[in-house]
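Take this structure, written in structure tokens, and hold onto it; I'll ask about it next.
Note that these values count all heavy atoms, side chains included, but never hydrogens, waters or copies made by symmetry.
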Amino acid sequence: MVLAIYMSCGVPTPAHHKKAAPAFVSRPNILWLVAEDLSPVIPPFGDSTITTPALSRLAAEGVRYTHVFSPSGVCAPSRAALAMGMYPAHIGAQHMRTGFWASGRPTVAQMEAQRVAFPPDLPYYEAMPPAIARMHSEYLRQGGYYCSNRFKQDYQFVAPVTAWDDCSPTAHWRGRATGQPFFSIFNFEVTHESQIWARAKDSLWIDSTSQVPIPPYLPTAPIAMQDVRRMYSNIKIMDDQVGKILHDLETDGLLANTIVFWFADHGGPLPRQKRLCYDSGLRAPLIIRYPDQWRAGTIDSQLISFVDFLPTLISMAGLSPTTLTDGRNFNGKNQSLLKRKYIHGGSDRMDEKYDMTRAVRDQRYKYLRNFDTTKPYYLPVRYREQMPTMQELLRLNIQGLLNPIQAQWFRSTKAKEELFDTYTDPYELNNLASYTKYQSTLIELRNECDRWMADIEDKGRIDEKVYVKSIWNGDHQPITKEPEVIHQANRVTIHSPTAGASIGYKIIRGSLEPTAWAIYQGPIDVPNDYKLKIIAHRIGFLPSRILEYNFN
């Protein structure tokens, strides 16, 4: 019970160390199990509403990280941060969305079918990180890892062909060469917000009459209670799916040499959670099981941001660190000596609705800056309004039947600044910004917000259409230039005239074409009677056309 109080109120818990540092094996496998739209409402984090055998086992054998935060309360910006190790507003990925890139590059017709959830006068575009930036998986592929992703991407850009060995509905570490280390991601979409209404008529995994906990900002009406039951039932389904992947890992004899991450891509799916900068939107559960069960069963309360995952991944793999990241290594070979003092986050356009908020948090206090105080806190996002609880909130608000806490979200204007004590006010309901007692904290976090926004050259300050023109240098998305190829005999050297472009190639014999594109890292030899395919792609650009060369 003490644990539940620690978890819900945000008070840091003591971390008991069995060893000073994890005994990392050489080139460990790394497995990411990624749930969607989920706050820490599971038993390992103090919520006993349901049982989660798979996650509870992971927690017993691993470390629970209680202060982990996405830089955004919605998936696409969050996944951009995970993939690139950079804040969404640093790379132009802060809006939800830049386009509909969840599973690759859709057709024009597919894109236009989504136009209702996109500003009508804005072109679809891709976020554009700095030229030399690479995705997490490409760094690991360059280091010899087999990288697979099942299946969702949603990075605010289309991943280059060099990103994955396999990105498909059936992707699995089992596609690798014998003995090759792997980095594999499995995405579990069953806990996504949409699955609350899409599965409304499905059978529940919990008692249909059970009293489930309702946050104070939501109504306790039967319809809301049923949505929350559906949320917990979906968590049960996800836990079962996680258990099957862990079973595969054990069956293959790989558990002892694999670092297992389980986490959610941001906070919860319910109204006043997803899309917002409160902890209910940004705070995500994280469990890591280390190969030697280092610190098994313990809790770590250090502040961790999603931008820390990429440098930590590289560190855990024992690869050379990259300096092009906004994050810090919280574990591994090159672990940072300094821990985070602050977490940073933001909220920008959601579908077709514009707004802008920035957040800074230390271990205890949360600071929010609202950039358009004339807008209400609640924005009518049509996608969210499919949820019955959201519909009930709107109905009760119109009828004036919400209590003062529930009505807060529907205030017609916003405070310029907000300050919350997350220890005493975990739901962030009581704004302390005007209290004399908290002025020093307010000023500290305000200054940190200024510093951070300047440091990342926050793209949220720029009109979105102006930003698109700046990265396109006009009205059309730039195209990666065709790679330049020099071949002497059977030795091939490749160069891309587009700065920062990744180059992929395939060596083909007859009709035997590899499914994955290899990453060009230096001159390659192509045997006689083989064919070479080459493509170049800088993130944010369209890829070059594919070049083909025959060697006779």
Side-chain angles (χ1 to χ4, degrees), residues 32-42 44-45 47 49-50 52 55 68-83 88 96-97 100 102-103 117 150-156 185-200 202 204-206 212-215 217-218 224 226-242 261-287 306 309 345-347 350-351 379 381-390 393 409 427:
W32 279 12
L33 306 173
V34 188
E36 297 204 56
D37 302 10
L38 183 59
S39 294
V41 289
I42 54 174
F45 291 85
D47 187 324
T49 305
I50 56 174
T52 52
L55 298 181
V68 178
F69 297 85
S70 167
S72 174
V74 70
C75 56
S78 299
R79 289 172 182 266
L82 288 167
M96 181 64 189
R97 292 185 164 87
F100 298 89
S103 55
R150 185 192 295 182
F151 167 56
K152 185 170 182 175
Q153 299 180 79
D154 216 6
Y155 309 126
Q156 305 280 54
I185 301 178
F186 291 81
N187 295 285
F188 305 95
E189 299 186 31
V190 68
T191 54
H192 188 269
E193 165 192 36
S194 63
Q195 298 307 294
I196 290 179
W197 62 80
R199 293 174 175 265
D202 289 2
L204 294 167
W205 280 48
I206 61 175
V212 289
I214 304 291
Y217 44 78
L218 296 180
Q226 190 69 0
D227 279 354
V228 175
R229 290 191 192 104
R230 182 74 262 163
M231 179 191 77
Y232 280 109
S233 293
N234 291 347
I235 295 171
K236 289 281 292 179
I237 297 170
M238 178 271 297
D239 182 76
D240 186 64
Q241 293 171 347
V242 167
F261 284 63
W262 174 86
F263 61 96
D265 63 354
H266 51 75
L270 300 171
R272 201 187 173 274
Q273 296 181 351
K274 187 172 180 176
R275 300 177 181 83
L276 304 180
C277 287
Y278 301 117
D279 277 10
S280 58
L282 301 185
R283 193 173 191 171
L286 168 65
I287 302 170
F306 276 12
F309 279 43
S347 175
M350 295 294 164
D351 294 352
L379 291 179
V381 176
R382 279 176 280 191
Y383 191 83
R384 175 171 53 200
E385 290 177 356
Q386 296 177 80
M387 187 180 296
T389 298
M390 189 68 249
L393 270 172
W409 194 24
Y427 295 111

Fill in the blank from the handout: Contacts of Thr191 meeting side-chain hydrogen bond (donor to acceptor under 3.5 Å, both in side chains) (sequence neighbours excluded), chain-then-number -> none
Exercise for the section: Report the C-alpha separation of Met350 and Leu379 in whole Å, then their side-chain angles, then the decisive distance to 0.1 Å, and conclude whether the side-chain contact (heavy atoms from CB on, under 4.5 Å) test is met. Expected result: CA-CA 9 Å; Met350 295 294 164; Leu379 291 179; 5.9 Å; no
Handout entry: Gln153: partners by side-chain hydrogen bond (donor to acceptor under 3.5 Å, both in side chains), with sequence neighbours left out
Key = none
Exercise for the section: Assess whether side-chain contact (heavy atoms from CB on, under 4.5 Å) is satisfied between Leu38 and Ile235, documenting all intermediate values. Expected result: CA-CA 8 Å; Leu38 183 59; Ile235 295 171; 3.4 Å; yes
Exercise for the section: Determine the interplanar angle of the Phe261 and Trp32 rings, folded into 0 to 90°, and report it as parallel if under 30°, tilted if 30 to 60°, perpendicular if over 60°. Expected result: tilted
Practice task
In plain terms, say whether Arg97 and Asp154 are close enough for a salt bridge, that is, a side-chain N and a carboxylate O under 4.0 Å apart.
Solution key: yes
Exercise for the section: Return the set of residues passing salt bridge (charged side-chain N to carboxylate O under 4.0 Å, His left out) with Lys236 (not counting sequence neighbours), or none when no residue passes. Expected result: none
Handout entry: Audit row: Gln195, Glu189, side-chain contact (heavy atoms from CB on, under 4.5 Å) steps and yes/no
Key = CA-CA 8 Å; Gln195 298 307 294; Glu189 299 186 31; 5.9 Å; no
Practice task
Please list, chain by chain and in numerical order, all residues satisfying salt bridge (charged side-chain N to carboxylate O under 4.0 Å, His left out) with Arg275, sequence neighbours excluded.
Solution key: Glu193
Completion exercise
Closest non-hydrogen contact found for Met96 with Cys75 is CE-SG, 3.8 Å
Exercise for the section: Report the residues that fulfil side-chain hydrogen bond (donor to acceptor under 3.5 Å, both in side chains) with Ser280, sequence neighbours left out, ordered by chain and then residue number. Expected result: none
Exercise for the section: Mind listing the closest non-hydrogen atom pair of Ile237 and Arg230 along with its distance? Expected result: CD1-NH2, 4.0 Å
Problem - Exercise: identify the closest heavy-atom pair between Ser194 and Tyr383 - result: CB-OH, 3.1 Å
Problem - Non-neighbouring partners of Asp265 that pass side-chain hydrogen bond (donor to acceptor under 3.5 Å, both in side chains), sequence neighbours left out - result: Arg79
